[in-house]
Amino acid sequence: MRYFLILCLAYLPSALVALELTGPLQQGGLVIGRVEAGSRVFLDRQPVKVSEQGVFAIGFGRDAKAAAQLTVEKTNGETVSQKLTIAARDYKIQRVEGIAKKIMSPSAANIKRSREEAAQVRAARAQLIDRMDFAGEFQWPLLGPITGIYGSQRFYNGEPNRPHYGIDVAAPTGTPVSTPAPGVVTLAHQDMFFSGGTIIIDHGYGVSSTMIHLSKVIAKVGDEVAPGDIVAEVGAGGRATGPHLDWRMNWMKQRIDPQLMVPPMPQ
């Protein structure tokens, strides 16, 4: 659930500037900020892209530290800072059995393939496209039972692995998948080794959606898409034991929780 928060940052006792932040200040959260037009913004001393209207996004990963420093440099030369308290979360353990041996113990050729594909994903997510879609509403790309959640520690065939960074929605193979928000397609791959059919939709300013394990990718790189547009179909490709959609989101390199962006899944 998204909410509205205003922080007042003091530079001098008589000089206050409002910093508007919308979104959950917690691990996995995406926060939309608004400052005076022309201001520069830094998160833990790293520059943040700000629109001409003073809008920006910041995100906090699964294991984000308890505090972050947000700094605003105003057009008049003043610098104001605010410590942001990031709420910690408890993560579940999820055990997944039945993963194919070739996925669990890939050959040298498949390891090389997966590294090349990972580089394509990183390049797509690294773009800073001037779109403001990230500041609008998000919706579920399809409806169904939630079978996997963000942040859970995964065990595949009994072996500990990296945490799960998406939200899994079970659905039959071929079920249409739409975009969760407007954006432009920056990657469209029919079959990656670990993720099967994979599509990345950029919502602007480092915010992107990745949808994987697809049986068919319909949209193409460069396509502009809007909610209701069918971009792919559910599948079970890559490291999966059954058909489902795995929807992930990023702010730059930070993996954020898609479920925090949408209303509760309808029953």
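Taking every heavy atom of both residues into account, Tyr205 and Asp130 meet most closely at OH-OD1, 3.5 Å. The shortest non-hydrogen separation linking Met211 to Pro141 is SD-CB, 3.9 Å. The shortest non-hydrogen separation linking Ile129 to Thr186 is CD1-CG2, 3.9 Å. Between Ile86 and Ala64, the shortest heavy-atom distance links the atoms CG2-CB, 4.3 Å. The minimum heavy-atom distance linking Gly28 with Tyr150 is given by the pair CA-OH, 3.5 Å. For Ser39 against Lys74, the heavy-atom pair with the smallest separation is OG-CA, 3.9 Å.
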Asp168 vs Leu245, side chain to side chain contact (heavy atoms under 4.5 Å, CB included): CA-CA, chis, key distance, verdict: CA-CA 6 Å; Asp168 292 340; Leu245 171 69; over 6 Å; no
Residue pair Ile230, Ile218: steps toward the side chain to side chain contact (heavy atoms under 4.5 Å, CB included) verdict: CA-CA 7 Å; Ile230 304 304; Ile218 298 172; 3.9 Å; yes
Verdict with supporting geometry, Phe56 and Arg34, side chain to side chain contact (heavy atoms under 4.5 Å, CB included): CA-CA 6 Å; Phe56 63 92; Arg34 289 173 175 81; 5.9 Å; no
Criterion side chain to side chain contact (heavy atoms under 4.5 Å, CB included) on Ser81 and Thr71, from CA distance to verdict: CA-CA 4 Å; Ser81 294; Thr71 303; 3.2 Å; yes
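Between Trp247 and Trp140, the angle of the ring planes goes over 60°, which puts this pair in the perpendicular group of the 30/60° scheme.
Inspection of the Glu36 and Thr75 side chains reveals an N or O donor paired with an N or O acceptor under 3.5 Å. Residues Ser209 and His203 have side chains that bring a donor and an acceptor to within less than 3.5 angstrom of each other. Side chains of Thr210 and Arg125: a donor-acceptor N/O pair is present below 3.5 angstrom, by distance only. A side-chain donor-acceptor contact under 3.5 Å links His164 and Asp246.
Asp44 and Lys65 are not joined by a salt bridge, as no carboxylate oxygen comes within less than 4.0 angstrom of a charged side-chain nitrogen. Using a cutoff of 4.0 Å between basic side-chain nitrogens and carboxylate oxygens, Lys112 and Glu117 are not scored as salt-bridged.
No single ILVMFWY cluster, assembled from side-chain heavy atoms under 4.5 Å apart, contains both Phe134 and Val184. A single hydrophobic cluster is seen to contain both Val231 and Met261, as judged by linkage of ILVMFWY side chains at heavy-atom distances under 4.5 Å, directly or through other members. By the rule that hydrophobic residues join a cluster once side-chain heavy atoms approach within less than 4.5 Å of another member, Ile200 and Leu30 end up as members of separate clusters.
Between Gln259 and Pro264 the shortest side-chain heavy-atom distance does not fall below 4.5 Å. Contact annotation: the side chain of Val72 never approaches that of Thr79 to less than 4.5 Å [non-hydrogen atoms, C-beta and beyond]. Contact of the Met249 side chain with the Asp257 side chain is not registered, since no non-hydrogen atoms from C-beta on lie closer than 4.5 Å. Looking at Leu25 and Val31, their side chains come closer than 4.5 Å, going by heavy atoms from C-beta outward. With contacts defined as side-chain heavy-atom distances shorter than 4.5 Å, the pair Gln69/Arg45 does not qualify. Counting only heavy atoms from C-beta outward, the side chains of Ile32 and Leu21 never approach each other to under 4.5 Å. At least one side-chain heavy atom of Leu128 sits under 4.5 Å from a side-chain heavy atom of Met252. Between Met265 and Val169 there is a side-chain heavy-atom pair separated by less than 4.5 Å.
Of the possible polar contacts, none joining the Ser195 side chain to the Met192 backbone as a donor-acceptor pair under 3.5 Å is found. The main-chain N or O of Ala67 is never found under 3.5 Å from a side-chain atom of Thr85 such that the two would form a donor-acceptor pair. Remark: the backbone N or O of Gly242 is paired with a side-chain donor or acceptor of His244 at under 3.5 angstrom. Under the 3.5 Å distance criterion, the side-chain polar atoms of Gln190 are left unmatched by any main-chain donor or acceptor of Lys216. The backbone N or O of Val234 lies less than 3.5 Å from a partner atom in the side chain of Ser215, making a donor-acceptor pair. A side-chain donor-acceptor contact under 3.5 Å links Ser107 to the backbone of Asn110. For the pair Asp223 (side chain) and Val225 (backbone), a donor-acceptor distance under 3.5 Å is absent. The backbone N or O of Ala87 sits nowhere less than 3.5 Å from a side-chain atom of Gln26 that would complete a donor-acceptor pair. A donor-acceptor pair under 3.5 Å links the side-chain atoms of Gln27 to the main chain of Arg89, judged by distance alone.
Note that the OG atom of Ser208 and the CG atom of Asn250 stand 4.5 Å from one another [nearest 0.5 Å]. Separating the CD1 atom in Ile199 from the CG atom in Leu187 is a distance of 8.5 Å, to the nearest 0.5 Å. Atoms CG and OG1, on Leu214 and Thr175 in that order, are 11.0 Å from each other to the nearest 0.5 Å. From Ile201, atom CD1 reaches atom OG1 of Thr179 across 3.5 Å, with rounding to the nearest 0.5 Å.
With Tyr91 as the aromatic partner, Arg62 meets the cation-pi criteria of under 6.0 angstrom to the ring centre and within 45 degrees of the ring axis. Because its NZ or CZ atom is both nearer than 6.0 Å to the ring centre of Tyr165 and within 45° of the ring axis, Arg255 counts as a cation-pi partner of that residue.
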